[in-house]
Amino acid sequence: MKVLKFGGTSVGSVENLLKVKKIVESQNDDVVVIVSALGGITDKILAMARTASTTGTFNETEMMDVHTRHFATIESLMAPTTALAVKQSVQKLLDELANFLKGISLLREITPKTLDRVAGMGELLSSTIIAPFLDAKWFDSRELIRTDSNFVKAEVDFATSNKLLTEAFSGFSGRAVAPGFIASNDKGEPTTLGRGGSDYTAAIYAAALDASVLEIWTDVDGFMTADPRIIRKAYTIDYLTYSEAMELSHFGAKVIYPPTILPVLQKKIPVWIKNTTKPDEPGTLIGYEKRYGKERIIKGISSISDISLITLQGAGMVGVTGISMRLFAALARKRINVILISQASSENSISIAVHASVAKEAAEEVAKEFEHEITIGHINGVKVEDDLSIVAIVGENMRESAGIAGKLFHTIGKNGVNVRAIAQGASELNISWVIKTSDLRKTLNVVHESFFLSSYKELNLFLMGIGTVGGNFLEQLLKQQQKLFEEKRLKLKLVGVANSKRMLFNRDGIDLENYFELLNQSALLSVFSSFVEHMTDMNMFNSVFIDCTASEEVTNFYLPILESNISIVAANKVAASSSYSNYRLLKKTALSKGVRFLYETNVGAGLPVLSTINDLTNSGDRILKIEAVLSGTLNFIFNTMSSDVSLSEAIKRALAYGYSEPDPRIDLSGKDVVRKLLILAREAGYEIDEEQVNVSGFIPDALFERSLDDFWMGIKQLDADFEEKRAKVQSENKCWRYIARFDRGQAHVALEAVNTDSPFYHLEGSNNIILLTTERYNEFPMLIKGYGAGAGVTAAGVFADIMRIANI
Ligand code: ADP
Ligand code: ASP
Ligand code: MG
């Protein structure tokens with residue numbers, strides 16, 4: 001004998017019912033089929049009952065919908081002759097339901113007992129249709145499963161039920177259909193086994209009838225590593241032990257109703273979770289033996305929302321026996337289900353997690369119990385925290401593995417989620433913890449990613465600024481996205497983007513082919529603060545903020561961004577070259593939050609300069625001297641100037657090629673080079689501020705103090721003088737380089753004429769060169785040379801920083 005249970009979706013449409021029929025007909029054994037109500041019907045009936053009791057109205061239209069759903073199903077499934085008799089039976093049940101609802105509306109009151117009577121109608125209706133459709137004998141679960149009178153969630157009397165079931169099925173062979181969810185008490189009054197209880201019904205039948213297997217047919221491919229509605233990367237678990245399945249369902253995995261496992265466990269009946277619409281998928285097997293070896297340590301993660309935490313705290317509790325006993329006795333008096341218990345080892349607080357709907361009642365009862373202790377001050381009182389969720393990871397193999405909790409809470413903490421309470425079952429089968437519900441999605445995502453080695457890693461990118469660098473970066477991202485996914489299992493998802501006018505967010509990822517149009521259509525006007533607010537509100541895991549602006553204002557948000565556990569990749573130099581104290585603070589914050597603050601492109605565009613300095617210093621080397629040509633723009637300008645190309649013309653070309661800062665004065669004043677030198681020296685481990693850099697300008701200061709237009713006019717007047725000097729330098733076989741030097745604490749930048757022996761002489765176009773003299777690279781300094789400006793290489797450097805964050 002096999003027991004097959006089909007859930008609400010499986011019996012909820014004609015299309016699926018035809019699949020059910022196929023599945024049942026393919027069995028080569030006697031079968032008992034337990035059915036749920038047609039999908040959504042239980043909810044609908046309960047809503048109608050609630051409305052009737054609160055507003056005193058009986059909603060004819062809703063009732064008509066229920067009628068139509070069932071009648072249409074009958075008509076589609078059966079020949080008219082069979083249909084007629086079935087319709088009569090169904091009509092009788094519907095009339096009964098309508099009468100009950102009318103009664104409730106008149107009384108404006110609903111008791112748990114009445115609620116059970118109407119709630120169970122859904123299963124009576126569905127089984128009345130499905131039994132003849134499957135050519136099966138109908139059995140009345142109300143007569144076969146006996147419960148106590150705890151309506152809405154009755155306790156099963158197994159001794160009586162097992163006897164009734166074995167008697168009813170003695171000598172039976174063939175096909176049976178019975179309604180799930182419903183039972184009755186010893187007075188014959190209908191009860192229900194709790195929402196989702198049809199699974200339990202099936203398990204009770206299976207255990208009583210010594211079935212060879214219990215199959216739970218539902219709308220997903222099996223028991224999954226996490227709730228597939230929240231975690232898209234969740235996948236089917238092939239095998240679970242009874243304990244693991246019980247634990248996961250207890251902590252919220254809705255795929256089976258928690259009490260379901262107990263009856264079958266005692267008889268070691270294997271349970272399969274299968275998908276009605278995809279019967280060829282392997283599904284999940286739940287069984288008795290533990291399987292070691294290739295099994296994962298953690299099998300699944302589940303969660304429960306609408307949780308409140310009730311905490312009893314006070315110095316007077318330490319070492320006093322009986323506190324827990326009284327606490328739980330108080331809760332038991334009110335039949336309050338405690339989902340999690342956490343006690344600090346100092347014993348001065350006990351926290352219990354309960355469903356929010358009973359939190360008030362629970363807190364009152366606990367306060368009453370400890371009234372005396374509270375009055376005399378031994379206990380501070382009863383604290384209630386709302387809007388919480390519980391998350392649990394489950395796996396039998398956790399017992400043999402050390403360090404799981406460490407890894408777990410490190411991962412969660414790194415993503416900025418605050419854990420309110422933690423509990424680990426003594427069996428070490430699960431670790432559960434309480435968090436704010438607003439952090440739930442993020443927590444499930446990070447934990448799933450880190451423990452289930454999901455097939456790929458994901459970074460969520462927020463990009464501010466789509467000018468030359470930002471725009472180029474998105475082009476590169478579009479080109480690389482697929483390849484990175486396929487070859488590196490890295491998913492880079494753009495979830496927020498802004499230019500100076502508008503901003504756009506999409507947690508599922510913004511289409512990179514059309515981001516520009518989408519951004520233009522966005523109704524959100526671009527404001528830095530609100531971009532940051534949106535980003536933090538989205539609260540996504542593995543978030544990275546990419547700053548491709550040159551704005552100082554944006555950098556004011558770096559600290560709160562890092563504090564929200566979001567990494568920063570900055571092409572913007574302002575922050576790293578701001579005051580030394582701010583630079584340190586940002587680095588320290590990133591470190592303490594476990595996120596990254598990277599700005600490789602601040603010096604030498606895409607050249608690996610900062611990462612090299614870091615590698616050297618991390619390995620114990622010491623940077624003694626830095627000599628560098630750091631301005632691609634200035635180098636381009638000096639290389640372009642000739643007897644035919646004047647200074648002003650060369651500057652214009654630098655701007656046109658996108659080498660210079662949008663305002664070229666930043667390059668020409670030497671400010672840009674000073675910033676870069678500061679960053680280099682700081683990365684090399686020196687504490688240095690801008691005032692300590694000695695700058696020799698080559699353009700009169702006055703030109704930097706007025707408007708940009710005045711600057712362009714003024715610079716033209718310098719052309720002749722510059723050409724004269726340039727010709728002289730050239731005649732001496734030298735060339736101009738704007739060189740930054742840092743030597744044991746002394747920093748200066750100046751325009752120098754270098755001869756052909758200098759490593760700086762042969763430096764084409766906009767190239768940069770950096771010479772690092774270190775304790776190890778002493779006689780021959782390390783030399784890094786290449787393009788030092790340009791949108792393409794800078795964007796590539798941004799990309800490299802992101803890859804560093806992905807740690808690939
Ligand atoms: P049925 O009506 O067949 O009893 P349910 O809706 O009660 O189906 O349970 C199946 C649903 O449980 C799935 O559609 C899925 O959304 C949800 N679910 C939550 N957690 C899990 C999980 N870990 N594995 C599979 N499904 C889950
Ligand atoms: N129909 C009931 C419910 O919706 C029982 C079940 O489907 O398992 O809760
Ligand atoms: Mg269910």
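Nothing here was measured: the structure is a model prediction, and the numbers come from that model. Start at 1 and go down the list; that is how both ligands and their atoms are numbered. Positions are given from 1, in the same order as the sequence printed here.
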For [atom], which of the options [options] provides the nearest non-hydrogen atom?
atom: atom 18 (N) of ligand 1; options: Thr284, Ile216, Asp227; value: Asp227
atom: atom 12 (O) of ligand 1; options: Ile301, Ile273, Thr236, Val255; value: Val255
atom: atom 14 (O) of ligand 1; options: Ile230, Asp219, Val11; value: Asp219
atom: atom 2 (C) of ligand 2; options: Met121, Glu123, Lys5; value: Glu123
atom: atom 1 (P) of ligand 1; options: Thr9, Thr218, Asp221; value: Thr218

Does [X] reach ligand 1 with a nitrogen or oxygen that is under 3.5 Å from one of the ligand's nitrogen or oxygen atoms?
X: Val220; value: no
X: Thr225; value: no
X: Met224; value: yes

I'd like to know whether [atom1] of [X] has more than 12 heavy-atom contacts from other residues, nucleotides or ligands below 6.0 angstrom.
X: Lys414; atom1: NZ; answer: no
X: Arg507; atom1: CZ; answer: yes
X: Phe172; atom1: CZ; answer: yes
X: Lys436; atom1: NZ; answer: no
X: Asp387; atom1: CG; answer: no

Next on the checklist: With a 4.0 Å cut-off on heavy atoms, is Gly197 in contact with ligand 2?
Outcome noted: yes

Checklist entry - Is there a heavy atom in Gly180 that sits closer than 4.0 Å to ligand 2? => result no

Checklist entry - Centre of Phe58's six-membered ring, under 6.0 Å away, within 45 degrees of the axis: is that where NZ or CZ of Lys102 sits? => result yes

Checklist entry - Hey, are Asp30 and Lys2 close enough for a salt bridge, meaning a charged N less than 4.0 Å from a carboxylate O? => result no

Item to check | Check ion pair Lys233-Glu458 (N to O, under 4.0 angstrom) | outcome: yes

Checking contacts here: is it the side chain or the backbone of [X] that comes within 4.0 Å of ligand 1, counting heavy atoms only? Could be both or neither.
X: Lys254; result: both
X: Ser302; result: neither
X: Lys5; result: side chain

Next on the checklist: Quick one about Asn539 and Asp439 (side-chain donor to acceptor, distance below 3.5 Å, no hydrogens or angles considered), yes or no?
Outcome noted: yes

Checklist entry - When you check the side-chain N and O atoms of Thr114 and Thr111, is any donor under 3.5 Å from an acceptor? => result yes

Item to check | Closest heavy-atom pair and its distance - Val14, Ser76 | outcome: CG2-CB, 3.6 Å

Checklist entry - Out of curiosity, is Gly222 lining ligand 1, as in a heavy atom under 4.0 Å away? => result yes

Checklist entry - Can you tell me if Gly300 has a non-hydrogen atom under 4.0 Å from ligand 1? => result no

Checklist entry - What residue and atom, counting heavy atoms only, is the protein's closest point to atom 4 (O) of ligand 2, and at what distance? => result Arg195 NH2, 2.9 Å

Next on the checklist: Quick test: of every protein heavy atom, which one is nearest to atom 27 (C) of ligand 1, and how far off is it to 0.1 Å?
Outcome noted: Pro228 CD, 3.6 Å

Checklist entry - Polar-atom distance check: Phe181 versus ligand 2, any N or O pair below 3.5 Å? => result no

Checklist entry - Would you call the rings of Phe169 and Phe139 parallel, tilted or perpendicular, where under 30° means parallel and over 60° means perpendicular? => result parallel

Next on the checklist: Please list, in number order, the atoms of ligand 1 under 4.0 Å from a heavy atom of Ala226.
Outcome noted: 22 (C), 23 (N)

Item to check | Per-atom contacts of ligand 2 with Ser36, taking only distances under 4.0 Å to non-hydrogen atoms | outcome: 6 (C), 7 (O), 8 (O)

